[in-house]
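Written out below as structure tokens is the structure these notes cover.
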Amino acid sequence: MCGIICISKKFNQKLAKTFELLKHRGPDFQEFVNLDDLIIGHNLLQIRGDLNESKQPKYSKHNRFILCFNGQIYNTSELKQKFSITARTDLDTEILLEVINKNGLNFINHIKGMFAILVYDTKTKNIHLFRDPSGQKHLYYYVKENNLIICSEIKPILNILENFHYDNKNLISSLILGYPIDKFTVFKNVNKVLPGQHLIINHKKQINKKLFKQCIENFDDKSPADVINKTVCDHLQTKKKIALNLSGGLDSNVLLFEALKINSNISLFSTRFETDNITYNHDYNLAKETANHYGLDLYTTNITFDDYLNNFEKSFSHIEEINRNINNPAYYINFVNQKKNNFRTIISGDGGDEIFVGYDYYRRINLKKKLFDYFKISKMISSFLWFNEYVRYENQQKYFNVNLYDLKKKYLIFSNFINSKNFYENFYISKIEHTSKYFCFLDQFNWLPNEIFVSSDKLGMQNNLEVRSPFSDLDLRRYFLKRMEKKIFLTKVNKPEIRDIYRNKIPQNISNNTKKTGWSIPREWLLRKELVEKILSFIPDTDCDIFKWSNLKNDIKKNKINLLNKQIYSLISLSIIKKNFHEKQNN
């Protein structure tokens, strides 16, 4: 994709370093424009069009607006027809600029895609920031006093600042959930635009926020397979080599089936772990069978324990935020292999579980509700128990100097879940008829953008790769949420509807596969002495106001804590961030 930069003029001497730190997001070209009190810059990763046409920042007609765009617009054909755009180009940046010429800031109501967009209004001196509703792209901002920094990643912001501090107050809520929530990052005053948000910064550095509206494509008269095919077709727009991450699961195989109708040149990647435990190569072996079925070449990313160990710190550091996914090093190694083979665009099945009901806990929630109703448990108690199914902190309390129970209520229920409610009412047209459906949506709003997409975007972009997730398309989500009836959550197998639709279309060994492993690293690796020693090297020796780092370190040394427990990796992730981003103490 690309990198967006906007800084106060006083930081001019840091511009060259900022471009350098963002070069992995856009190695093909860099440019900036000087304004009275701002500098707006852009790093370009060329995907869909001619290099000269793709260069940014771009001025609109009559120079009213300046555009910096990171992402992909998928409904370009519809936009050209809707607004009588006669330009020959199919380049989304050029078409986006034409839509801005014709609609001004209302352009956002008409586009569909994954994006982070900055538009500067030269007349009002306002900066407008937009983030796509799926949250696949990220945009961070620092506004304090009269200082302004906007950037696609956090590290360049910290490099510009003369001092920065960790935001302990809001940090804890992210640790409880296991990934960042709301606008906050781990760094004080460094915030992010939320999914579906339009954020306005005026010339006085005052901030106003609202959710934007978006055009809705009505799929009501279409079959599920037709909706998926249309969405996949939109996501295959590229002039570069394109690959698909293939596992043994339904999601990636459905994407492959539909993609081959459109592009027979798509390539496949899968990961293979060097282990005697065949469980962890279950998906790889199925991917090989699928590749053979279609007569396609399969690029294999072989991963040894040493590979995992050597990329552990690097992968979590690149993410820049709290992230507890222990498979991040494997994803990163796969991206390295894809870059080595000269790919630029990667198709991923991320988002399928949240619309096809792929996780067992969705069905457990529905079962709990039936039990609660049967025993007439009060709504207040049952709501709390359902919430605990979504948010667990288990035995982390001993590592904090604060009461997690109180923070759990204060920061997760009353802040972020209000945001999610507002988001749903703005972007979705179906009703939430039952609890399990609500949790599918919550994962779309919280977990996907804040754990999965932040990882895939940043680890992919470190290797000049853009990752596209068709199953997170907003109209596709709307369509399947409307179809998400209660009975789907009472079936014996996951993804019942999509499994039935593709049963006679994709290989039978895939449609009948109910074993959910994915690209999961061998769990015995987490118990290896070498990894334990490396994790210990990240953890600070001294406690601070809110964290008892010494307790965590001692428990790991004495084997009192199970490193197979995913919940603890949010703390390990934070320790890696602290090691790589040293807090400056000067005021």
Side-chain angles (χ1 to χ4, degrees), residues 175 177-179 245-249 251-252 269-288 300-317 319 322-337 349-350 353 358-361 364 389 392-396 399 443 447 451-452 455-456 459 494 513-539 552-553 555-576:
L175 288 168
L177 193 57
Y179 45 83
N245 285 335
L246 185 66
S247 71
D251 299 337
S252 61
F269 276 81
S270 194
T271 59
R272 180 184 177 277
F273 299 103
E274 295 290 341
T275 175
D276 293 332
N277 190 335
I278 61 173
T279 299
Y280 298 104
N281 285 318
H282 172 73
D283 273 47
Y284 171 72
N285 291 327
L286 287 176
K288 277 202 307 182
T300 299
T301 300
N302 285 298
I303 302 177
T304 67
F305 171 74
D306 286 342
D307 294 329
Y308 182 79
L309 183 70
N310 294 334
N311 287 280
F312 189 90
E313 178 180 0
K314 187 186 299 183
S315 61
F316 279 96
S317 176
I319 292 171
I322 291 170
N323 192 295
R324 65 185 179 188
N325 195 328
I326 56 178
N327 298 314
N328 283 326
Y331 301 153
Y332 180 73
I333 294 165
N334 187 59
F335 287 136
V336 171
N337 190 27
D350 290 335
D353 287 305
Y359 296 120
D360 289 339
Y361 94 88
R364 289 201 304 269
E389 183 70 44
R392 304 183 185 92
Y393 60 85
E394 297 183 12
N395 298 319
Q396 290 189 49
Y399 306 120
D443 278 350
W447 178 66
E451 179 174 303
I452 299 302
S455 171
S456 61
L459 297 183
N494 65 355
N513 176 37
T514 58
K515 186 177 181 180
K516 191 172 181 61
T517 56
W519 290 358
S520 297
I521 59 107
R523 292 303 181 263
E524 59 264 25
W525 288 4
L526 301 177
L527 303 177
R528 292 274 295 266
K529 180 181 70 173
E530 300 94 328
L531 181 61
V532 173
E533 289 175 350
K534 183 173 282 287
I535 288 173
L536 287 170
S537 72
F538 305 143
I539 301 173
L552 177 62
K553 201 162 193 172
D555 282 356
I556 293 175
K557 285 180 179 179
K558 296 176 181 178
N559 294 320
K560 289 185 176 180
I561 185 171
N562 187 352
L563 288 181
L564 297 176
N565 178 1
K566 184 178 180 179
Q567 301 296 326
I568 209 67
Y569 283 86
S570 56
L571 287 168
I572 294 171
S573 169
L574 176 62
S575 68
I576 292 173

(Q) Distance check, rounded to the nearest 0.5 Å: Lys314 atom NZ versus Leu459 atom CG? (A) 11.0 Å
Q.
Ignoring hydrogens and geometry beyond distance, is a side-chain donor-acceptor pair present between Asn302 and Tyr284 at under 3.5 Å?
A. no
Q: Could you tell me which residues satisfy side-chain contact (heavy atoms from CB on, under 4.5 Å) with Lys560, sequence neighbours excluded, listed by chain and number?
A: Asp555, Lys558
Q.
For a 4.5 angstrom cut-off between non-hydrogen side-chain atoms, does Tyr569 reach Asn323?
A. no
**Q.** Contact summary for Ser252 and Ser247, nearest pair of heavy atoms
**A.** OG-N, 3.1 Å
Q: Apply side chain to side chain donor-acceptor pair (under 3.5 Å) to Asn513 and list each qualifying residue two or more places apart in sequence or on a separate chain.
A: His282
Q) For Tyr331, which residues count as a side chain to side chain donor-acceptor pair (under 3.5 Å) partner, sequence neighbours excluded? A) none
Q) Do Asn565 and Ile561 have side-chain heavy atoms sitting under 4.5 Å apart? A) no
Q) Quick one: CG on Leu531 to CZ on Phe312, what's the gap to the nearest 0.5 Å? A) 5.5 Å
Q | By side chain to side chain donor-acceptor pair (under 3.5 Å) - contacts of Ser456 (at least two apart) | A | none
Q: Name all residues meeting the side-chain contact (heavy atoms from CB on, under 4.5 Å) criterion together with Asn277; count only those two or more places apart in sequence or in a different chain, and write none if there are none.
A: Thr275, Thr279, Tyr280, Glu524
Q. Can you tell me how far CG of Leu563 sits from CD1 of Ile572, rounded to the nearest 0.5 angstrom?
A. 5.5 Å
Q) So do the side chains of Phe316 and Pro329 get within less than 4.5 Å of each other, counting heavy atoms only? A) yes
Q: Mind checking the OG-CG spacing from Ser575 to Leu536? Nearest 0.5 Å is all I need.
A: 9.5 Å
**Q.** 4.5 Å side-chain heavy-atom contact, Ile521 and Phe273
**A.** yes
Q. Taking only residues two or more places apart in sequence, or in another chain, which ones meet Asp307 in a salt bridge (Lys or Arg N to Asp or Glu O under 4.0 Å)?
A. none
Q) Are Asn562 and Leu526 close enough that some pair of their side-chain heavy atoms sits under 4.5 Å apart? A) no
Q) Got a sec, which residues hit salt bridge (Lys or Arg N to Asp or Glu O under 4.0 Å) with Asp353, two or more places apart in sequence or on another chain? A) Lys495, Lys516
Q) How long is the gap from CD on Gln567 to CZ on Arg324, to the nearest 0.5 Å? A) 4.5 Å
Q: With sequence neighbours excluded, tell me which residues meet ring pair (Phe, Tyr, Trp, His ring centres under 6.0 Å) with Phe269.
A: Tyr299, Phe343
Q: With side chain to side chain contact (heavy atoms under 4.5 Å, CB included) as the test, would you mind laying out the steps for Asn327 and Ser520 before giving the verdict?
A: CA-CA 6 Å; Asn327 298 314; Ser520 297; 4.2 Å; yes
Q.
Tell me every residue that passes side-chain contact (heavy atoms from CB on, under 4.5 Å) with Asn285, counting only those two or more places apart in sequence or in another chain.
A. Asn281, Lys288
Q | Partner set under side chain to side chain donor-acceptor pair (under 3.5 Å) for Ser317, not counting sequence neighbours | A | none
Q) CH2/Trp525 to CD/Glu274 distance, rounded to the nearest 0.5 angstrom? A) 8.0 Å
Q: With the side chain counted from C-beta on, respond yes when Asn325 and Tyr179 share a heavy-atom pair under 4.5 Å apart, and no when they do not.
A: no
Q. Who are the salt bridge (Lys or Arg N to Asp or Glu O under 4.0 Å) partners of Glu530, not counting sequence neighbours?
A. Arg528
Q. Under 3.5 Å, is there a donor-acceptor pair linking the side chains of Asn494 and Asp360?
A. no
Q. Is the backbone N or O of Gly248 less than 3.5 Å from a side-chain atom of Asp283, with the two atoms forming a donor-acceptor pair by type?
A. yes
**Q.** Any residue meeting salt bridge (Lys or Arg N to Asp or Glu O under 4.0 Å) with Arg523, in chain and number order, not counting sequence neighbours
**A.** none
Q) If you count the non-hydrogen atoms of other residues, nucleotides and ligands that lie under 6.0 Å from CG in Asp276, is the total more than 12? A) no
Q) Side chains of Val532 and Ile535: closer than 4.5 Å at any heavy-atom pair? A) no
Q | Test item: Trp519 and Asn334 side chains (from C-beta on) under 4.5 Å apart, heavy atoms | A | yes
Q | Side-chain donor-acceptor pair present, Ser315, Asn328, cut-off under 3.5 Å | A | no
Q.
Under 3.5 Å, is there a donor on one side chain and an acceptor on the other for Ser455 and Tyr332?
A. no
